[in-house]
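Chain identifiers are assigned alphabetically (A, B, ...) following the order of the sequence lines, protein sequences preceding nucleic acid strands; residue numbering begins at 1 within each chain. Because the structure is a prediction, the values reported are computed rather than measured.
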Amino acid sequence: MQFITDLHVHSKFSRATAKDLDLENLYLTAQKKGITVVGTGDFTHPGWYSEIKEKLAPADEGLFKLKDDMRAHFDQHVRPACRGKVRFILGAEISNIYKKNGKTRKIHNLVFFPDMESVEKFNRILEKIGNIKSDGRPILGLDAKYLLEIVLETSPQAFLIPAHIWTPWFSILGSKSGFDSIEECFEDLTPYIFAVETGLSSDPSMNWRISGLDGLTLVSNSDAHSPSKLGREANLLNTELSYSAIKSALHSGDPEHYLGTFEFYPEEGKYHLDGHRKCNVRLWPQKTKEKGGICPICKKPLTLGVLHRVQELADRPEGIKPKHSHPYYNIIPLTEILSEILMVGPGSKKVKHNFDQLIDKFGPEFRILHSLELDLFENSGLPLLREAIKRMRCGKIDLSPGYDGEFGKIKIFNPAERENLLGQKNLFSVPIPSSHHNIEKFEEFKLCDPKISKEIRQSAKAQKQKVASSQKDADAQNNFPGTLEKLNLEQRLAVQHPAGTLLIVAGPGTGKTLTLTYRIAHLVSQKHVSPQNILALTFTHHAAREMHHRLKMLLPNTKPLPLATTFHSFCFQILKEYENTNNAFTIIDDYEQTYFLQKALDALKQDNIHIPLKAPKILDKIIAAKQRMLEPQDNLESVAKKYEVENIAIVYQTYQKLLSIFGHYDYDDLIFRIVRLLETDKSFEIKCRDRFQYILVDEYQDLNHGQYRIIRALSPTGKNLFVIGDPNQSIYGFRGSEVRYFKRFLQDYPDAEIIHLKQNYRSTQTILDASFQVISASGCGTDVESRVFSKIIGVKKLSIIEAISEKAEAVSIGQCVEKMVGGIGFYSIDFDKIDGTEEDMSQSFSDFAVLYRTRGQGDIIADVFHKAGIPCQVANREDAIYKKGVAEIVSFLKVIKGIGSYPDLERIIDLTGIEISAKFLNKFSAWGLRNGLQLSQALQNIRHFTFERMKEKDRLTFDGFLLKLSAMKSQMQKMNLEKKTKYILENPVLPPTEKKKENLKTASGHIVGIMREFRSREFEFLSQIALESDTDIYNPQSEKVTLLTMHAAKGLEFPIVFIAGCEKGFVPFQRSNRKTEDLNEERRLFYVAMTRAKKRLFLTYAKKRMVHGQTVNRKLSPFVKDIEKKLRQHETPYIYRTNTDLAVQLKLF
DNA sequence: CCTACGTCACTTTTT
DNA sequence: GTGACGTAGG
């Protein structure tokens, strides 16, 4: 049978839709329009889905109908002339927002399923990926390709159709956010795409110009946001009424079954031509090109319309019809025709009345518009109707094309014609107007010759290629001096500085790493310094990696590249060389530190030596001692006296002894040992100095005492010492860093020169002004010299958001993110008056960061984000390495490798779920430690291990565990790291619980990521994983909002930054009833946090917050008050403005 | 000797 | 809101 279908509609649960957009009204309207199959839309939304389940019943195969009892009730509202079958097909639209190949993609896709079970399965999967509750069209940070994969895996019957493929902001081929081809998006899954939706602003003939769309069925749907818009575009099919028949008609495009589409005049669509709505500028693509794509009024880039984009991608001239194309029919909604005939608005009573009369008389709208014989309209009571429909059917219509979100306008008659028609009644004497008749008015809009457009397109392409290849050439050679153009004067001076000592004071965003790497490149390629003689030191792996990466680009032909690494890794490396690796040692993390310290304390307790302090506190003391280069026998008074710790020296000594027995170093040992070696072993010192003649240090203000002594020892004269830093960003005082060393540089090296970098390339001037006000507020001893400036202009104010609780704060942040990512104009909707720039539509999740003072804050935010379905990653080493099972796997690998320690054994027992009592393990470890046995030795000598009242059962369980372990060990012998990890996951000693399994799975992904860098260097990986830091876990590629502490954010940047918890007590941080330890450091920390933002900075705070299980009133941070009022915009969070009750909002999130 | 329950103190930031 | 520790009771 022939029938009409509209597959793309929404529900009342979608944003900006009519409240009466429910199934009943779809049922009624479909009949008025003459549509038989309607998409349900929005089935991912739980509210809408439950309505679907409640109101629809299975009908013909894969299709659904309104339940009989409901139908009976509604049928009386349908005129007899319109009555007809209505079937629903389960469909939804997904908004995929993600980065691919370096560009933010925002793509809408339609998905269809044959049955409710599949829909439920699908919804369950999506629920885990994103927030499907907040909108009928969910926003997912999910690659469209993976969406397709999920769709196909959920049901083989299911299919996906890219929606309105040409719209600039949200579509697969859209100019702002899409790809250049279907393949680029779906890659190897492209064959599963068999249809695309042309959208309101394009019709099939435009699509025919792209050969890449050949073979795809072009479908048209209404994308209705209200019942009345249903079927403004639709498809005409001729099949039996079933899901599979519809699918196969779309799939095959068989002209017998797929008869074609009903189309809006594309000119009527919102994005047909180019232009700026605000500036009243509307241009044909050709004109746009002449103007270089820039708006002649506001000088900003124009919004390019669909026509432009089509011409850009077209590889065929206009008017060509590919082989297997389907016919299409342009239609104008009957209400609009009536509106014109009656000369009143389309929403008027008059139009409505006439509309009802017409469908009463002639049947559904589509019948009137499309199939009814013209002569029948003679007695319609509307003298102009026949002519209007005739003109519509043959396309003799005046059109004023839409642009930049403005719908196009159509005119069927001009006043003279109208008079003629009404007066003379002689229809044939009236000249029929030609299309685009009022050419004067739209002179600018003459379509350009397709040939020209092709030429332009080709030349543009050639240009692009030229640029790309010249870039490649530049990169391919060591033609390094040429690239110095990228640097400003100060940077260049620094890079080309002659031999000698140089101190660079560089504020945030001034190109520190850039300058440093260029300096190295300069040394290698211009000064012909051997790369092996260069050492670049940083504090984080992230910085080291970035440096390495940039050096690789600058010096592609240099091998090996100069050593760019962290202080700790550097020490580890040369220590290993020094010890000649026979003495295998590993670096222990803080968990293991505490473990061994506890063991030391236990041992001392047995000797009746008591220490009146808990392990972590004692560890702090030991660390402090090490950072001051103090040995146990030294006078530790300075470290100990504060708490009058007796016997600290002997604990320190015992702890150190334990570590040395097992070949462990803690973080501070690395630095400590190297300093000792450099200062006592003359030949070692000479060797190092000889090897590292050129030393460059990043973030010099973060040096602690030990690190300072390393630098002093390596470069006592300062010859070829190049350090860069910013005293205002010194934030590591608590771990022994002292700005003192930075400030004292000029005394240490009197011949040193100093260069200031002041040009900031990161942030808007507003952000810099505000952050400077914070850092320079009275009496913080700020180095005013290091103030930076930028030429970037943006939003003129920071947004301050006050929330009622920490949860409400998280929700507000989440909502801001959702809005900005969803492309819903954030400010235009929520905050009415805002000066500044246009809303930026190109945000994706990874453009956001949320910073906070303490890790606990991150948990709340992550939790809320998780529930809201906002993809986020907590850059938190604890979580990444320890909680999610990574630690267990690493420990397992270590134990198998024979380098595990006792804490590793405890961790893997935990993993396997074997019930070995803690007591048994404790005794075992104590026995091993007492006898100075490494874990592997202890395991080999297990037979000798006994203790009083040892239970036989415990013993047997342990034996069983060990047996399995050794079996696994022999199995894994020849595997590489990745395989081993996989093997461990698949062959646990005993099957772990489901939850553990899941943790392990995510962990394995993590771990494989970290491992990739180490490849075959398994030992190195296992021995220094403890050196991995928070920021190393953070992955800038992934499409997620980044959550991190202010400390961890150092050295990073994000377009949009939220600083959460801007409250007295957090900013500056203050421990309960104690004084802030270092107010100025807190200020600098806040300064660092603020200067991470490129475009927008939000400062949020909660009026109430749980602290130690009690709700406490909180006040805005005094630091925020140091920002002058005119730079602050205090916003009411979105959450207060909605009609919905706050509780409901919070629940939803 | 072991378990159960009540009380208190606590949560900064990282290589 | 929780974890560690101490005391009372089995």
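Comparing B:dT11, B:dT14, B:dT13 by their closest approach to the side chain of A:Thr854 singles out B:dT13. Comparing atom distances between the A:Arg855 side chain and each of B:dT14, B:dT15, B:dT12 picks out B:dT14 as nearest.
The aromatic ring of A:Phe734 is stacked on the base of B:dT13, with the two ring centres less than 5.5 Å apart and the planes inclined by under 30°.
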Would you please test A:Asp666 and A:Tyr655 for side chain to side chain donor-acceptor pair (under 3.5 Å) and show each step? CA-CA 11 Å; A:Asp666 64 24; A:Tyr655 167 77; 2.9 Å; yes

Show your working on side chain to side chain donor-acceptor pair (under 3.5 Å) between A:His549 and A:Arg545 and close with a plain yes or no. CA-CA 6 Å; A:His549 179 74; A:Arg545 241 167 257 165; over 6 Å; no

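Remark: A:Glu809 engages A:Arg1105 in a salt bridge, criterion side-chain N to carboxylate O under 4.0 Å. Ion pairing between a basic and an acidic side chain is recognised when a charged N comes within 4.0 Å of a carboxylate O; A:Arg1092 and A:Glu1053 show no such pairing. Between A:Arg735 and A:Asp702 there is no salt bridge, since no side-chain nitrogen of the basic residue lies less than 4.0 Å from a carboxylate oxygen of the acidic one. A salt bridge is defined here as a Lys NZ or Arg NE, NH1 or NH2 lying under 4.0 Å from an Asp or Glu carboxylate O, and A:Lys512 with A:Asp698 fails to meet this definition. Ionic pairing of A:Lys1050 and A:Glu699 is present here: one or more N-O contacts between side-chain nitrogen and carboxylate oxygen are shorter than 4.0 angstrom.
The separation between A:His1047 atom NE2 and B:dT11 atom P is 17 Å, rounded to whole Å. For A:Lys617 and B:dA9, the NZ to P distance is 14 Å, given to the nearest whole Å. Rounded to an integer number of Å, the gap from A:Tyr732 OH to B:dT14 P is 6 Å. Distance CD1 (A:Ile710) to C1' (B:dT15): 12 Å, rounded to an integer number of Å. One atom, NZ of A:Lys1050, and another, C1' of B:dT12, lie 16 Å apart when rounded to the nearest Å. For the pair A:Gln729 CD and B:dT13 C1', the computed distance is 15 Å after rounding to whole Å. Rounded to whole Å, atom P of B:dT15 lies 13 Å from atom CD1 of A:Ile671. Atom CG in A:Asp859 sits roughly 14 Å away from atom P in B:dT12 (whole-Å rounding).
Nucleic acid contact for A:Phe567: none, since no nucleic acid atom lies under 4.0 Å from a heavy atom of the residue.
A donor N or O paired with an acceptor N or O is found under 3.5 Å between the base of B:dT13 and the side-chain atoms of A:Arg853.
For the pair A:Thr1045 and B:dT12, the criterion of a side-chain N or O lying under 4.0 Å from OP1 or OP2 is not met.
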Write out a two-atom table: protein N or O, nucleotide N or O from nucleotides 1-3 of chain C, distance below 3.5 Å.
residue, atom, partner, partner atom, Å
C:dG1, O6, A:His1108, O, 2.4
C:dG1, N1, A:His1108, O, 3.4

